[in-house]
Asks: 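This is the structure I want to talk about, given as structure tokens.
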Amino acid sequence: MSRPTPLRDVHETLGATLTDFAGWLMPLRYGSESAEHKTVREAAGLFDLSHMGEIFVTGPQAGQALDYALVGHLSALAPGRARYTMIVNERGGVLDDLIVYRLEDEQFMVVANASNYEKVGNELKNRAKAYDAVVEDRSDQYALIAVQGPRSQEILATLTDADLAGLKYYAGLPGLVDGRQALIARTGYTGEDGFELFVANQDAVPLWHALMAAGEPHGLKPAGLSSRDTLRLEAGMPLYGNELGPELTPFDAGLGRVVKFDKPGDFVGRSALEAVKDDQPRRRLVGLVARGRRVPRHGYPVTRDGVVVGEVTSGAPSQSLGRPIAMAYVDAGADSGLAVDIRGSHEPMDLVELPFYRRNK
């Protein structure tokens with residue numbers, strides 16, 4: 001049975017289409033997913049992300065424990081800053097992609113994907129055993145609400161005195177939002193500016209209503225998982241289970257920059273990743289834009305001259321480009337003449353640099 005978030009009753013009242021996602025009952029859409037997508041690009045959307053996991057690592061050696069457990073150099077983070085990183089297995093395969101916040105000198109919060117946070121929590125506990133650090137999964141204590149879009153700061157500023165203008169990208173600060181204690185973070189998964197609000201479960205419903213009321217004059221609308229997926233696809237952001245997985249290294253995904261070999265000490269997967277870091281990848285992650293109207297979908301073969309040279313990982317119609325788009329893994333030498341086999345029809349594709357969409361800053 002799917003687990004509800006603290007906002008389930010709100011979603012039902014709004015008439016959301018609910019679906020199981022990673023064991024959670026989540027809003028897929030509230031009406032038109034294309035309208036929700038457009039709202040986030042032009043104004044702002046409100047997302048329930050309470051299915052994400054929050055794992056705390058605390059203690060005098062919390063930073064060193066994370067340096068060993070993850071591929072990033074987390075002990076170098078300043079308090080109040082965040083970093084995108086990954087946890088890999090001994091072979092260098094990605095177990096999850098993560099955002100790590102350093103809340104205080106000896107306190108970090110690791111945010112993991114809904115499908116993986118129990119696995120990530122267990123791995124962190126095992127990997128931290130040799131360090132003076134405590135790993136605690138506090139996912140059950142937190143709700144997560146995101147405001148994403150060009151008007152997000154304008155909306156949130158009506159409910160908080162926190163210094164939103166001074167809050168950098170990939171940073172967070174504690175503050176009151178509508179009188180409720182929150183960790184206010186500025187990261188996001190849509191390609192737009194936006195904020196994530198980590199709050200206690202009991203504060204989720206009143207905060208949602210306060211944000212909706214504050215955002216109504218600015219065009220704020222609720223947005224579901226479908227629009228979140230098309231937004232992140234346009235922004236070229238990977239999805240675990242599609243572009244990332246245990247058989248793929250960060251280098252396969254074009255994300256080798258997150259692997260920090262220059263940090264002190266060993267880390268899990270280091271040897272395997274060092275062995276491939278200078279190799280030409282046998283496959284690479286690319287962007288494809290369809291010349292026609294048919295939509296490439298996850299799992300569809302990518303072909304050249306009728307020969308399979310890759311596979312689509314994510315695909316959808318693009319509201320911003322007006323054409324279907326896809327991310328795909330293709331053979332390293334496949335750089336032209338590509339098509340996607342859509343039910344027996346080889347639809348021609350243009351290969352483009354990722355991301356498909358960049359916001360005006």
Asks: Below 4.5 Å, heavy atoms only, C-beta onward: do Phe198 and Val111 meet side chain to side chain?
Replies: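 Phe198 reaches Val111 side chain to side chain.
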Asks: Tell me the closest heavy-atom pair linking Arg81 and Tyr169, and the distance in Å.
Replies: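 Scanning both residues, the minimum pair turns out to be NH2-O, 3.0 Å.
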Asks: Would you kindly confirm whether Val340 and Met327 end up in one hydrophobic cluster when ILVMFWY residues are joined by side chain heavy atoms under 4.5 Å apart?
Replies: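 No, no single cluster joins them.
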Asks: Which heavy atom of Leu211 sits nearest a heavy atom of Ile145, and at what distance?
Replies: CD1-CG2, 3.9 Å
Asks: Whether the side chain of Thr5 engages the backbone of Leu7 through a donor-acceptor N/O pair (distance < 3.5 Å, no angle test) should be reported.
Replies: yes
Asks: State whether the side chain of Arg180 and the backbone N or O of Asp178 hold a donor-acceptor pair below 3.5 Å, judged by distance alone.
Replies: yes
Asks: Checking the side chain of Arg138 only, and the main-chain atoms of Met109 only, is there a donor and an acceptor separated by less than 3.5 Å?
Replies: no
Asks: Please check: side-chain N/O of Thr85 versus main-chain N/O of Gly72, any donor-acceptor pairing under 3.5 Å?
Replies: yes
Asks: If we only count heavy atoms from C-beta on, is the Val289 to Met349 side-chain gap below 4.5 Å?
Replies: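 Not in contact.
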Asks: For Thr187 and Glu196: C-alpha separation, side-chain torsions, deciding distance, then whether side chain to side chain donor-acceptor pair (under 3.5 Å) applies.
Replies: CA-CA 7 Å; Thr187 56; Glu196 296 72 45; 2.6 Å; yes
Asks: Can you tell me if Arg102 uses its side chain to pair, donor with acceptor, with the backbone of Ser75 under 3.5 Å?
Replies: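 Yes.
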Asks: Under the ring-ring contact (aromatic ring centres under 6.0 Å, His included) rule, collect the residues that match up with Tyr84, sequence neighbours excluded.
Replies: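 Counting only residues at least two positions away or on another chain, Tyr84 forms no ring-ring contact (aromatic ring centres under 6.0 Å, His included).
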Asks: Indicate yes or no for a side-chain donor-acceptor contact from Arg41 to the backbone of Gly191 under 3.5 Å, with no hydrogens or angles considered.
Replies: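 Between the backbone of Gly191 and the side chain of Arg41 there is no qualifying donor-acceptor contact (under 3.5 Å).
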Asks: With side chains defined as the heavy atoms from C-beta onward, is the minimum distance between Met86 and Leu255 less than 4.5 Å?
Replies: yes
Asks: Would you call the rings of Phe267 and Phe261 parallel, tilted or perpendicular, taking 30° and 60° as the class edges?
Replies: tilted
Asks: Does Phe108 have any ring-ring contact (aromatic ring centres under 6.0 Å, His included) partners at least two apart in sequence or in another chain, and if so, which?
Replies: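 For Phe108 there are no ring-ring contact (aromatic ring centres under 6.0 Å, His included) partners, ignoring immediate neighbours.
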Asks: How many angstroms lie between atom CG of Leu70 and atom CD of Glu123, to the nearest 0.5 angstrom?
Replies: 10.5 Å
Asks: Sub-3.5 Å donor-acceptor pair from the side chain of Thr303 to the main-chain atoms of Val308, do we have one?
Replies: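 No.
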Asks: If a pair satisfies side-chain hydrogen bond (donor to acceptor under 3.5 Å, both in side chains) and one of its residues is in residues 306-321, list it, with sequence neighbours excluded.
Replies: Arg232-Ser314, Glu234-Ser318, Glu234-Ser320, Asn242-Ser314, Glu243-Thr313, Glu243-Ser314
Asks: Is it true that Asp335 and Arg284 make a salt bridge, defined as a side-chain N closer than 4.0 Å to a carboxylate O?
Replies: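 Salt bridge between Asp335 and Arg284, a charged N being under 4.0 Å from a carboxylate O: no.
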Asks: Decide side-chain contact (heavy atoms from CB on, under 4.5 Å) for Glu192 and Tyr357; before the verdict, give the C-alpha distance in whole Å, the side-chain angles of both, and the deciding distance to 0.1 Å.
Replies: CA-CA 10 Å; Glu192 299 295 340; Tyr357 167 87; 2.5 Å; yes
Asks: So, the side chain of Arg297 versus the backbone of Gly315: is there a donor-acceptor pair under 3.5 Å, distance only?
Replies: yes
Asks: Are any side-chain N or O atoms of Asp48 and backbone N or O atoms of Ser50, one a donor and one an acceptor, separated by less than 3.5 Å?
Replies: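 Pair found, side chain donor or acceptor close to backbone of Ser50.
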Asks: Is it true that Val177 and Ile155 fall in one hydrophobic cluster, defined by side-chain heavy atoms closer than 4.5 Å?
Replies: yes
Asks: Do any N or O atoms from the side chain of Ser152 and from the backbone of Gln148 form a donor-acceptor pair under 3.5 angstrom?
Replies: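 Pair absent, no side-chain N/O of Ser152 close to backbone of Gln148.
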